[in-house]
Amino acid sequence: MSSLSAAVGKRGNCKIWTTSYQGTGTAGPGAPTSLTFPKKPVAAAIADGNGALYWLLPRDGWMICNRTSNVLRWSGSTAKWYCRDNEAYTQLNISGATYHVFALISMD
């Protein structure tokens, strides 16, 4: 029972981490948008200036933004994504726009 108690004691121990970034206007496979977290998050999201929220799952795959699938890749605690249609809007990288990021970071 002590191992179960120890495991249960670690559940839910997350800290909330926030940051923001300014869009640069670049897009496409040659210019991915990049975010580095203090540690690979359990979950993370990006909010644009219009109230929309986009999730970054902690695994390689897809990130749906503005009805378009972005390619999402992780390297350690850094997420990089790009839009195959080379549009900064769908890549969450409009020049001068502020994007707000929040993440749940595991404490264990």
Side-chain angles (χ1 to χ4, degrees):
M1 280 302 243
S2 63
S3 62
L4 177 59
S5 295
V8 168
K10 291 182 180 179
R11 303 300 289 170
N13 292 331
C14 290
K15 69 177 179 176
I16 297 172
W17 180 82
T18 63
T19 192
S20 63
Y21 69 91
Q22 290 276 307
T24 63
T26 60
T33 304
S34 176
L35 271 174
T36 299
F37 299 84
K39 182 178 172 184
K40 192 172 187 178
V42 174
I46 300 171
D48 68 13
N50 298 315
L53 192 63
Y54 306 96
W55 290 95
L56 293 170
L57 298 178
R59 65 188 190 312
D60 290 350
W62 302 100
M63 175 183 163
I64 306 300
C65 297
N66 304 311
R67 298 183 185 152
T68 299
S69 296
N70 285 339
V71 176
L72 172 64
R73 297 288 179 253
W74 285 88
S75 178
S77 62
T78 299
K80 291 184 179 185
W81 65 92
Y82 65 87
C83 183
R84 293 177 291 164
D85 67 5
N86 295 324
E87 292 290 332
Y89 169 71
T90 54
Q91 190 169 307
L92 304 180
N93 201 26
I94 295 171
S95 181
T98 299
Y99 297 90
H100 299 279
V101 181
F102 75 90
L104 296 176
I105 308 289
S106 176
M107 295 299 287
D108 52 347

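- Under a cut-off of 6.0 angstrom, the local environment of NZ in Lys15 is sparse, with at most 12 non-hydrogen atoms contributed by other residues, nucleotides or ligands.
- Gln91 approaches Thr33 most closely through the heavy-atom pair NE2-OG1, 3.0 Å.
- Here the NZ atom belonging to Lys80 is positioned 12.0 Å from the CG atom belonging to Leu72, to the nearest 0.5 angstrom.
- Distance alone, capped at 3.5 Å, is enough to place a donor-acceptor pair between the Tyr99 side chain and the Asn93 backbone.
- Atom CD1 of Ile16 is separated from atom CD1 of Ile105 by 10.5 Å, given to the nearest 0.5 angstrom.
- Considering all non-hydrogen atoms of both residues, Leu35 and Trp81 come closest at CD1-CH2, 3.7 Å.
- Leu104 and Ile46 end up in different hydrophobic clusters when Ile, Leu, Val, Met, Phe, Trp and Tyr side chains are linked at under 4.5 Å.
- The hydrophobic side chain of Leu57 is isolated, with no ILVMFWY side chain under 4.5 Å apart from it.
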Go through His100 and Thr18 one step at a time and tell me if the side chain to side chain contact (heavy atoms under 4.5 Å, CB included) criterion holds. CA-CA 8 Å; His100 299 279; Thr18 63; over 6 Å; no
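- Shown here for Pro58 and Val42, the closest heavy-atom pair between the two residues is CG-O, 3.2 Å.
- The neighbour count for Lys40 NZ, taken as heavy atoms of other residues, nucleotides or ligands under 6.0 Å away, is above 12.
- Listed for the Ser77 side chain is no donor-acceptor partner under 3.5 Å among the backbone atoms of Pro38.
- Taking all atoms of both residues into account, the shortest heavy-atom contact from Tyr21 to Leu92 is OH-O, 2.7 Å.
- The shortest non-hydrogen separation linking Ala88 to Gly25 is CB-O, 3.6 Å.
- Linking ILVMFWY residues whenever their side-chain heavy atoms come closer than 4.5 Å, directly or via other members, places Phe37 and Tyr54 in the same cluster.
- To the nearest 0.5 angstrom, Asp48 atom CG is 9.0 Å from Leu53 atom CG.
- Taking every heavy atom of both residues into account, Thr36 and Thr78 meet most closely at OG1-OG1, 2.8 Å.
- Proximity of a side-chain donor or acceptor of Glu87 to a complementary backbone N or O of Ala27 within less than 3.5 Å is not detected.
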